Amino acid sequence: ADKVVFLTSWYAQAEHGGFYQAVATGIYKKYGLDVTIRMGGPQVNGMQILSSGQADFLMGYDLQTLKSVETGVPVTTVAASFQSELQGMMTHDDVKSLADLKSRTVLVSTSGRVTWWPWLKARYKLDDAQSRVYTFNLQPFFADPRSAQQAYASSEVFSANKAGVKNRFFLFADDGYPPYGTTIVTMQKTVKDKPELVARFVKASMEGWKSYLENPAPGNALIKKDNPNMQDDQLAWGVEKLKEYRMINGGDAATQGIGTMSDARWQKTRDFMVGAGLLKADADWKKAYTTQFVKDLRVMP
Amino acid sequence: MAVLYRSMEDGVSGGAAVAPALYANQVEKTYPNGTLALERVKLGIQPGEFVSLLGPSGCGKSTLLKLFAGLEQPSAGHIRRGEHHKLAMVFQEATLMPWARVADNVRLPLDLARMDRAESEERVRRALALVGLDKFGGVYPRELSGGMQMRVSIARALATNPDLLLMDEPFGALDEFTRNRLDADLRALWAERGLTVVFVTHSIYEAVYLSSRVIVMAARPGRVIADVAIEGPAVRDDAFRVSPPFMHYCAELSALLTQANTQEQP
Amino acid sequence: MAVLYRSMEDGVSGGAAVAPALYANQVEKTYPNGTLALERVKLGIQPGEFVSLLGPSGCGKSTLLKLFAGLEQPSAGHIRRGEHHKLAMVFQEATLMPWARVADNVRLPLDLARMDRAESEERVRRALALVGLDKFGGVYPRELSGGMQMRVSIARALATNPDLLLMDEPFGALDEFTRNRLDADLRALWAERGLTVVFVTHSIYEAVYLSSRVIVMAARPGRVIADVAIEGPAVRDDAFRVSPPFMHYCAELSALLTQANTQEQP
Amino acid sequence: MNPPLLSRPAVQRIAAPLAVGVVLLVIWQAVCTLMAVPDYLVPAPTVIIRALVEDWQMLSDALWVTLRITLLAFALSIVLGCAAAFLFVQSRVIEASLFPYAILLQVTPVAAIAPLIIIWVKDPTMALVICATMVAVFPIISNTVLGLRSVNPGLLNLFRVNHASKWDTLVRLRIPSALPYFFGGLRISCGLALIGAVVAEFVAGTGGTSAGLAYQILQAGFALNIPRLFAALFLITLSGVLLFGAMVLATRLALSHWHESEL
Amino acid sequence: MNPPLLSRPAVQRIAAPLAVGVVLLVIWQAVCTLMAVPDYLVPAPTVIIRALVEDWQMLSDALWVTLRITLLAFALSIVLGCAAAFLFVQSRVIEASLFPYAILLQVTPVAAIAPLIIIWVKDPTMALVICATMVAVFPIISNTVLGLRSVNPGLLNLFRVNHASKWDTLVRLRIPSALPYFFGGLRISCGLALIGAVVAEFVAGTGGTSAGLAYQILQAGFALNIPRLFAALFLITLSGVLLFGAMVLATRLALSHWHESEL
Ligand SMILES: Nc1ncnc2c1ncn2[C@@H]1O[C@H](COP(=O)(O)OP(=O)(O)OP(=O)(O)O)[C@@H](O)[C@H]1O
Ligand SMILES: Nc1ncnc2c1ncn2[C@@H]1O[C@H](COP(=O)(O)OP(=O)(O)OP(=O)(O)O)[C@@H](O)[C@H]1O
Ligand SMILES: [Mg+2]
Ligand SMILES: [Mg+2]
């Protein structure tokens, strides 16, 4: 079997379920792949590890991929597990809509500053002065009732609920935030030299997602092995959110199959970035993705 | 002009009935490593006396001086120091602050006593002149020779105008000419100011020339073996140094020193 | 038994035509701070000589010794040292390693010379016995009195069986009895082994008793003002110490020392 | 001759900080209880202790992982730090040429070069040890160089008169003279090795394989299990204090017979 | 009497490390060019220099932000470190009671308590300064305590004979004696203050307005703008080396007239 290293973006969690599922249930093996999943972490720079050849595939996100392509790193997206990002805003429960954020302190992580924040800022006329830094720790949010913070539906919201803090969550994608989520990124060279391997990996992974949605137990067992602190209730919550927001099987995926991507969506993402000054207008953004592996994939949910 | 062996009791109660300036009562000193440095030392020093300590190396002279100064505590017995004494001490080593210039080193005790600068400057100048180092106030101690460093530490003690002066081999590193001159100066100072001096020396001549009393000590364990009153002219000059009584005292002390050296317990 | 003032040239070429053990040719030493410590010193020391340096504090005796030992470089002129000399030096300060026991301190030069342990132990034992510290091999330097520390450093130098010995006021901190004994021992050693010794002292008696030649120096700037050959019996005992020639030399040197002290340039 | 128990220095050295600790803990507990501070903001000591007991298995495993990296990094720091110091003290030119690069090691943020180290060093434990060593090594170099230079000039003369080789001078003179400074460096570095191990795991750790205390802290933080987070922090600080204590003891053993700082 | 330019110590101290640096850079450049290493893996020096020049405005602003925090934290560390050291040296009981809590400061991962600091300290710059100070203060405390204890016992006796007050003994004896150790502490701490400022910014961030070098590094990392990342790293290390140089100079000014380590 071909040895493949897949680097995730974070410690193992429900958002990585499809990949673990594909390992756990032998889907990869079926496709002749011997896949090792390496966990990412808070400061692990996946792009660097991918481009140095330490990993074959990377769990990426579109804005970084576009940015990397702009700086000349020859990477490209070959599939998108989620039809949008799970990223959103968690507020105290007196906030009725994102428009109410104007008078709030917004906690933005350093990476958020060059991703969703410019988008949100422009959309709701917010300004930098009301932002403070988010350090992936909920205590400041709890301590200040006038604050709101970035969050993943699957993790921060769960923690806040568990701590008994009433909150609301607004998914950015619901408001038109364009990028895909949990994509598969690889080197352009791999696409050129081993398209067949890439195709197998993409197909097996997407089948993994399909299987995960049906019965997450095998994948979850593996997730807990990699990340012993992951609790069952949190995994269950995560799976529920994936389903609730139809991350995997909603949008285009409902008709085109799991993992699908469209030029139109990439264009929207690109236009937003250029508009927000995050990307040069002349960047060759089309290099950042290829639909060749997903357009006829049709792993139907 | 007989040599007088006072009894130990005499050493304490002898002289006028004034309170002794320094009084060691059955003092013993055992260092942490078990060395018995002093054994049952009983010694009283009257105000205005000039007492020299003579004895072989390691017999506890420095230890006794430190006990008098309150720098060590006796292991047994006790030390009493008369009140109202302004004490100054010259240590066996020069003990200068390497980061301070010579003048600042000499001025230290005056600064500690919060003396105002104008007066202390003047005192420092005079003290340095006394030891022949008036031109060296501005240099650092490491730029001085061994003997010069020692003279700085003497100047530091004298600058305080003490009335109780403890000196541990102050002139050992000086040539005989300078030493004689300083001996004479010290003796004059003592006479003029009515100082009480306890003086450690290895020079019998110096001890006899300077002292009103010489204590001879022996080592292992350190103890007092003789207490010799020196009866000489009040004003001692070079003539005294060659007078028969001087020679007599020297011979006497030399014999005692030999005794101290040979009497050492095995 | 006339006092002999050799000319400076004599100091170098006098004696047999063997190469001098030490030779200072028009040596000057200026310290970085500008002090002129030695001015045009010309001095030759023949193998087997016992030369004492006498002079006021700060006249450059230690500096000259350090130049001879190669520890300082002359600012002008040059120093030559005869070959095949095993040199040992006693510094003006005891200079002991505080972290090593007395025996280890004494053994240091032997260890540095890679002597085997059995022999070095024996040598250390003998050297410590010589200075009367046989029982103190196991203690740390800070547990010793000043004089005892100095004796350790003397033992350290003697343990190496040197044939060129530079000693800077080695016996200054010792009582007269011990000092006389060590003087005699040193003189005997010198005679027995044919050592070359350069010896700094402030004691005129000691200089005369020990030396075959005494160099008198004056200060500011440091320079040689006299070079006195001491002609005494080969074996010097206590009788020599009271003999008329001895007294004569002492008086002579005393006068020179006074001259050195009063001749100081303003 | 037997001083009362409480005035013995050894007892004071243990009892005094414990007493202060107990007082602080009581105040902390009181504040938490009286003001009803929620656990997820600042947990009360009792809550932390409960977490410590309940999660002991997990935490002690993690502690062991972190300690192993700490000790390896500390040992490596000592070896490399001393080697560098010995090298630097050989000549002023060598020191001048290379010291800036030692500083470079210190001031390069581990977070920034951890990715590169991960790329080059395959073994994850080794990568973490290297990161932690980078954090811990500098104080040893700096203090040891200072110590090796702070030699009594008289003793240096003694060694020169006896034709001591550079090696002998180093071993018999400079190293003993440097010990007080060296141990001072150790006392600073042991804590840095620990913190370096934690930070390295923060930035370079890849969870599953070697889950040390940093991983537990991160996870507890994300999961808002703040009592466990504090329990893990407590274990780190306790290790730090114990390591420091060990260094103090080592210093005492090595220096108490001669150096004034220990008399 | 004028030694040739290249053998002057001052020249050596500057020229030697520069020469080494140039050699290293040339090798680096050669390797990058010959092996055609892509910029996004390890950029060649020329590429980094280009990034430095092109992004100078942005980088120099960020540098200034980071330096400001560094210097504030360093100053605060000196003040607090000395104060703590003076306190500790007053009595063995005080030292025993409080020293463990100083260690606690050192070994607590900034990343773990930064959130709490952010809650309590509203001003972001101040929060960062506090974090960086936590990283930098310990070596100053530790070395200064060691120095204050390393006093010549003879001089201590001299002061006692002259009835010096605790204060006078501290100011006129202990502090001067401690200076070599204190400056040793400064030399370690200045780098730590810098690294602390960077790490603090990593974990606690600066609000959008004032972004320091850590922010630039993170952003460059996300965007895989590796030349800019290296340029920022270069600025950090350069600042570290210069800060260290300043400390060496300060040490020289303060000690060169008396302490053997500077003779
Ligand atoms: N390191 C130094 N830097 C500057 N000047 C120095 C240094 N060492 C000695 N001197 C000066 O050189 C002169 C000679 O010093 P040296 O130590 O040789 O004197 P000495 O004859 O040994 O005196 P003593 O009998 O007091 O030991 C003195 O004036 C002294 O001030
Ligand atoms: N700190 C110490 N620890 C242990 N023993 C000590 C200490 N200081 C001195 N001694 C011992 O106490 C004895 C007396 O020492 P002291 O310094 O009083 O002698 P001294 O008479 O001054 O000798 P010297 O003439 O050589 O200066 C010596 O045997 C010495 O070994
Ligand atoms: Mg003494
Ligand atoms: Mg001298």
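None of these values were measured; they are calculated from a predicted model. A note on names: the letters A, B, ... follow the listed sequences, proteins ahead of strands, and every chain is numbered from 1. Only heavy atoms go into these numbers, but all of them, side chains included; no hydrogens, no water, no symmetry mates.
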When you compare the side chain of D/Leu233 with that of E/Thr108, does any pair of heavy atoms fall below 4.5 Å?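 Yes. Closest side-chain heavy atoms under 4.5 Å.
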Stepwise side-chain contact (heavy atoms from CB on, under 4.5 Å) test for E/Phe99 and D/Val248: CA-CA 11 Å; E/Phe99 214 124; D/Val248 169; over 6 Å; no
Toward chain D, the part of [X] with a non-hydrogen atom under 4.5 Å:
X        : result
E/Leu24  : side chain
E/Ile103 : side chain
E/Val198 : side chain

Show the nearest heavy-atom pair for residues D/Gly191 and E/Val107, with the distance to one decimal.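 Nearest pair, atom of D/Gly191 first, then E/Val107: CA-CG1, 3.7 Å.
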Please report the interatomic distance [atom1]([X]) to [atom2]([Y]), rounded to the nearest 0.5 Å.
X        : Y        : atom1 : atom2 : result
D/Leu192 : E/Gln106 : CG    : CD    : 4.5 Å
E/Leu104 : D/Phe244 : CG    : CZ    : 12.5 Å
D/Ser142 : E/Phe183 : OG    : CZ    : 13.0 Å
D/Ser97  : E/Leu18  : OG    : CG    : 10.0 Å

Output all residues satisfying salt bridge (charged side-chain N to carboxylate O under 4.0 Å, His left out) with D/Arg174, sequence neighbours left out; order by chain, then residue number.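 Expected list: none.
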Between D/Ile236 and chain E, with a heavy-atom cut-off of 4.5 Å, which part of the residue counts as in contact: side chain, backbone, both or neither?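 Backbone plus side chain of D/Ile236, per the 4.5 Å heavy-atom cut-off to chain E.
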Within residues 132-140 of chain E, which positions have a heavy-atom distance to chain D below 4.5 Å?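 When heavy atoms of chain D are the reference, residues 132-140 of chain E contributes E/Phe138, E/Pro139 within the under-4.5 Å range.
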For each of E/Pro100, E/Pro109, E/Gly184, tally heavy-atom pairs with chain D at distances under 4.5 Å, and name the one with the top tally.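 Top option by heavy-atom pairs under 4.5 Å: E/Pro109.
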Could you have a look at E/Gly245, E/Cys190, E/Gly147, E/Ala16 and say which one has the most heavy-atom pairs with chain D under 4.5 angstrom?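 So the answer, after comparing E/Gly245, E/Cys190, E/Gly147, E/Ala16, is E/Ala16.
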Test your reading of the model: is there a side-chain donor-acceptor pair from E/Tyr181 to the backbone of D/Asn143, 3.5 Å cut-off?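 A pair under 3.5 Å: no.
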Whether the side chain of D/Tyr101 engages the backbone of E/Val20 through a donor-acceptor N/O pair (distance < 3.5 Å, no angle test) should be reported.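 No, because the side chain of D/Tyr101 does not come within donor-acceptor range (under 3.5 Å) of the backbone of E/Val20.
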